[in-house]
Structure formats: structure tokens, C-alpha cells
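This report concerns only the one structure given below.
Hydrogens, waters and symmetry mates are skipped; everything else that's a heavy atom, side chains included, is used. First the proteins, then the strands, lettered A, B, ... as listed; each starts at 1.
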Number of protein chains: 2
Amino acid sequence: MTEGPVDVRADTRARLQRAALELFTRDGFEQVTADDIADAAGTSRRTFFRCFPTKADAVWGEFGAHVARLDRLLAATHGDQPVLASICAAYVEVNDYAAADLPTLRQRMALILGEPALQAHSQVRYADVDRVVAGHVARRTGQAPGDLLPRLVATSTRAAATTAFEVWLAGGTTTLGHALHAAFDQLALGFPALRPPPGS
Amino acid sequence: MTEGPVDVRADTRARLQRAALELFTRDGFEQVTADDIADAAGTSRRTFFRCFPTKADAVWGEFGAHVARLDRLLAATHGDQPVLASICAAYVEVNDYAAADLPTLRQRMALILGEPALQAHSQVRYADVDRVVAGHVARRTGQAPGDLLPRLVATSTRAAATTAFEVWLAGGTTTLGHALHAAFDQLALGFPALRPPPGS
DNA sequence: TGCCGGGTGGCACTGGGTGTCACTAACGTG
DNA sequence: CACGTTAGTGACACCCAGTGCCACCCGGCA
């Protein structure tokens with residue numbers, strides 16, 4: 001059903017995704033209609049909405065699989081490591097793309113972080129990530145996933161990750177992994193770079 | 001223009017806002033159409049969209065004024081206070097509502113944090129907050145607003161604030177101010193509650 | 001009286017998203 | 001070979017958010 005020698009559905013889905021990424025980057029998210037994407041992919045508007053529940057979802061690739069992988073990585077974490085270190089390592093590993101995939105990733109993230117409509121939509125997708133991370137923290141600390149600490153760790157580590165993505169995207173000088181580690185270090189140490197503020 | 005003895009515009013705006021909050025809470029955000037709100041407020045759909053650029057914006061009250069106030073509070077901050085403490089104090093003061101306004105605030109925040117569509121929209125409004133906070137951190141540390149640290153502090157403090165709101169909303173046992181302080185303390189100290197994880 | 005100008009309502013239009021139906025190609029099974 | 005079955009698709013109609021446009025009404029003002 002999901003696999004097979006020639007999965008027609010997966011093929012049109014991939015074509016639509018490529019066309020969407022291309023057109024969004026070229027003309028901007030709002031300027032491109034679902035009809036435009038369907039035409040560019042050689043199919044119909046109706047099929048587009050059968051492959052992606054939303055115009056915005058065409059940008060997100062296999063994000064659900066990434067979240068599932070993050071979940072598995074966190075579950076396999078050794079308990080002798082600090083919680084934040086485990087989360088950081090899992091984030092880094094999930095975002096360890098092959099060099100050949102980096103251009104597509106840049107394109108994707110530039111859209112997600114740059115286009116207001118996609119920025120808004122991202123909140124919904126990130127909520128899944130937060131649930132996974134909060135669950136892990138809850139397991140490790142014996143608290144409920146709805147308590148302050150698990151929630152807070154989940155949202156602020158995700159904040160660190162997206163900030164690292166922004167810096168990586170804008171600067172271009174650093175590796176994504178480096179940016180992630182830098183952000184997580186600040187977070188884990190309570191922002192040491194903020195400590196010596198005015199004192200002479 | 002914005003004020004006067006009888007500002008007709010402001011009155012219909014207030015009526016629309018009340019009607020929207022009421023209907024959204026009762027029937028859910030997606031189920032209520034702009035026509036429903038306009039009818040309930042005794043005006044027309046067209047007028048609704050002249051008062052609020054988006055259906056979602058009817059929930060946000062005078063959010064722009066709050067952001068401006070946050071900006072002023074941060075600008076008036078004394079330099080002898082740690083940066084995070086200044087931000088926490090400013091957040092607490094901006095969210096120091098009169099007891100009479102708390103029910104409306106609960107209603108508003110329950111919608112914003114609960115309805116997926118409003119959750120998504122919130123990202124756009126919060127971006128203004130982040131800009132303000134990042135600017136403050138940049139000023140205090142001498143970095144550029146686009147650098148890692150100012151961005152990271154802005155997004156993670158906002159994460160702390162929204163998490164505090166969630167806990168306040170769900171639990172109902174604590175004050176909003178208490179929840180904010182608890183979240184900021186965790187953040188400022190690098191999550192001390194996470195430190196002694198499995199040891200011993 | 002006539003000339004404004006702001007707030008309004010009606011109307012038509014674009015575009016995202018959904019439900020429904022008919023068509024087609026692949027795949028058995030008799 | 002004829003047969004139902006099923007998945008993928010395209011076409012059409014529909015709802016609703018949001019926008020541009022225009023006509024209207026009403027309070028001021030010369």
C-alpha cells in the first residue's frame with residue numbers, strides 16, 4: 001500500500017513537492033496557487049490536495065518520519081547522560097543531512113523561516129516535536145508531560161533548534177551541527193554569555 | 001481619529017470582539033464564520049474585515065499596545081540588573097492584569113493556546129515580541145539583533161512565557177506571575193531541576 | 001442649499017479546501 | 001474471456017476567508 005515496485009501515488013507526491021518548492025522559492029508562497037503547482041507537476045488541483053492536506057504541507061517533506069526518528073533516538077538514550085545533552089544529541093543526529101541534501105534543506109528552511117504563512121503553519125508541525133521531547137523529559141524526571149518542566153524544556157530546546165537553523169541559514173559560515181551545539185550550550189548553562197553584563 | 005466623545009468605529013470593534021470571543025468559545029474557531037460574528041454584533045461581514053484584518057485577529061485584543069509597552073519597559077530597564085531578570089520583570093508587569101480582566105484573559109488564552117488555527121496565527125504576533133526582546137538583548141550585550149544570543153534569548157524567554165501561560169491555564173492553582181517566575185528561574189539557572197537526574 | 005468625508009453595506013471575485021461522482025487501469029477469479 | 005474490485009485520478013459544485021469597488025447615509029460646514 002505504501003510501498004511496491006511502482007507506487008504511483010508516491011511519484012506524483014514527489015513531483016508535486018519538487019514543483020511546489022521550486023515555485024514558492026521563485027515567486028513567493030502567497031503568489032503561487034495550488035493550480036500553478038498542479039499544472040507544473042502535470043496533474044490536477046484535486047490530486048494536489050489529496051497528497052497534501054494544505055498548500056503549506058507541500059514544503060515539509062517527510063517531517064512526520066523525522067519526528068518519529070527523534071522519538072526513537074530519545075527512547076534509546078542512556079540515562080547516564082544529562083537530559084539536555086541527550087536532547088541536543090538527538091536533535092543533531094536527526095538534522096545530520098547528507099551533503100547532497102543540504103541545498104534542498106536550505107530551500108525548505110528558507111521558506112519555512114521566511115514566509116509568514118509558513119512560519120505560522122510551522123507551529124502546528126512543531127507541536128508534535130514538543131510532545132515527543134516533553135514525553136522524554138517526563139520519563140526521565142518522573143513528572144507528568146503536562147508539568148511545567150517537561151513543557152518548558154521541550155519548547156525552549158525547540159526554540160534553540162530553530163534559532164540555530166536561522167543563524168545557520170543567514171550566516172552560512174557555520175555548520176548546522178555547530179550552531180545547534182552553540183545554542184544548546186547557552187541554554188544548558190543558563191546563558192553564561194549574559195552573566196558579566198555591566199559589572200565593570 | 002483614535003479617540004473622541006463617541007468613536008463609532010471603536011464601538012463596533014469592541015462589539016465584534018466580544019461576539020467573536022463568545023462564539024469561538026462556545027462553538028470552536030473553525031465552526032464560526034465571519035458572517036456569524038457580524039450578525040451577532042449587529043453589523044456586516046464587510047465591516048468585520050475592516051476592523052480586523054483576519055478572523056483570528058479578533059481574539060487578540062490590543063496586543064500591539066502590549067508589545068509597545070513591553071518595549072518601553074525594557075528600554076527603561078536599569079543596567080545593574082541581569083538581562084534575564086529585566087526581561088522576566090517586564091513580562092510579569094505586562095501581564096499583570098486586574099482581577100476583573102482575568103476571566104476574559106483566560107478565555108482569550110484558552111482559545112489561542114487550544115485552537116490549532118489560532119496557535120498557528122500566534123506565531124506571527126509573537127514575532128513582534130521576539131523582535132523587541134532581541135533588540136533589548138542586543139543593546140545590552142553590544143551584539144547585533146540578528147546574532148545567535150539575542151535571538152535565542154528572545155525565543156526561549158517567549159517559550160518560557162507561553163509555557164507559564166499554559167500551566168496557569170491548565171492548573172488554575174497558581175498565579176500567572178508565579179508561573180512566569182518559575183519558568184524564568186528554570187531558564188536562567190540552566191534547568192537546575194534537571195541536574196540530579198539518575199545519579200546515586 | 002450643496003459640498004464634503006468617514007463609516008458602512010452590498011456585490012462580485014480570487015483562492016484554499018472539501019465532498020461527490022464518473023472514468024480508467026490494474027488485478028484477480030469464475 | 002467476462003466479471004467485480006480497488007486505487008488513483010479529474011471534473012464539478014460548494015463553503016468560506018479575504019479584497020476591491022461602489023453606492024449610500026449622515027454629520028459637519030460654507
Return all side-chain donor-acceptor pairs below 3.5 angstrom for residues 146-153 of chain A, not counting sequence neighbours, or 'none' if the list is empty.
{"from": "A/D147", "atom 1": "OD2", "to": "A/A144", "atom 2": "N", "distance (Å)": "3.2"}
{"from": "A/R151", "atom 1": "NE", "to": "A/G146", "atom 2": "O", "distance (Å)": "2.8"}
{"from": "A/R151", "atom 1": "NH1", "to": "B/E166", "atom 2": "OE1", "distance (Å)": "2.2"}

What is the separation between atom [atom1] on [X] and atom [atom2] on [N], rounded to the nearest whole Å?
{"X": "A/L16", "N": "D/dG8", "atom1": "CG", "atom2": "P", "value": "14 Å"}
{"X": "B/D57", "N": "D/dA17", "atom1": "CG", "atom2": "C1'", "value": "13 Å"}
{"X": "B/E30", "N": "D/dA17", "atom1": "CD", "atom2": "P", "value": "9 Å"}
{"X": "B/K55", "N": "D/dT19", "atom1": "NZ", "atom2": "P", "value": "14 Å"}
{"X": "A/F29", "N": "C/dG15", "atom1": "CZ", "atom2": "C1'", "value": "12 Å"}

Q.
Using a strict heavy-atom distance below 4.0 Å, which residues from residues 31-52 of chain A are in contact with DNA chain C?
A.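 By residue number: A/V32, A/T33, A/A34, A/R45, A/R46, A/F49.
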Q | salt bridge (charged side-chain N to carboxylate O under 4.0 Å, His left out): pairs with one or both residues in residues 51-75 of chain A, sequence neighbours excluded | A |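 Listed once each, the pairs are A/R13-A/E62, A/D57-A/R125.
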(Q) Checking B/A41 now: which residues fulfil side-chain contact (heavy atoms from CB on, under 4.5 Å) with it, not counting sequence neighbours? (A) B/R15, B/L16, B/A19, B/T43
Which donor-acceptor pairs under 3.5 Å do the side chains of residues 169-191 of chain B make with protein atoms, sequence neighbours left out?
none

Q | Other ILVMFWY residues reachable from A/V124 by side-chain steps of under 4.5 Å | A | none
**Q.** B/T54 side-chain N/O to D/dG18 phosphate OP1/OP2 under 4.0 Å
**A.**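 For D/dG18, OP1 or OP2 has a side-chain N or O of B/T54 closer than 4.0 Å.
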Just the atom pairs and distances: protein N or O near nucleotides 22-25 of chain C's N or O, under 3.5 Å.
none

Q: Sequence neighbours left out, what passes ring pair (Phe, Tyr, Trp, His ring centres under 6.0 Å) with B/F48? Give chain and number order.
A: B/F52
Q) Between A/Y97 and A/W168, is the ring centre distance below 6.0 Å? A) no
Q. Can you list every side-chain hydrogen bond (donor to acceptor under 3.5 Å, both in side chains) pair that touches residues 28-37 of chain A, not counting sequence neighbours?
A.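 The answer is A/T33-A/D36.
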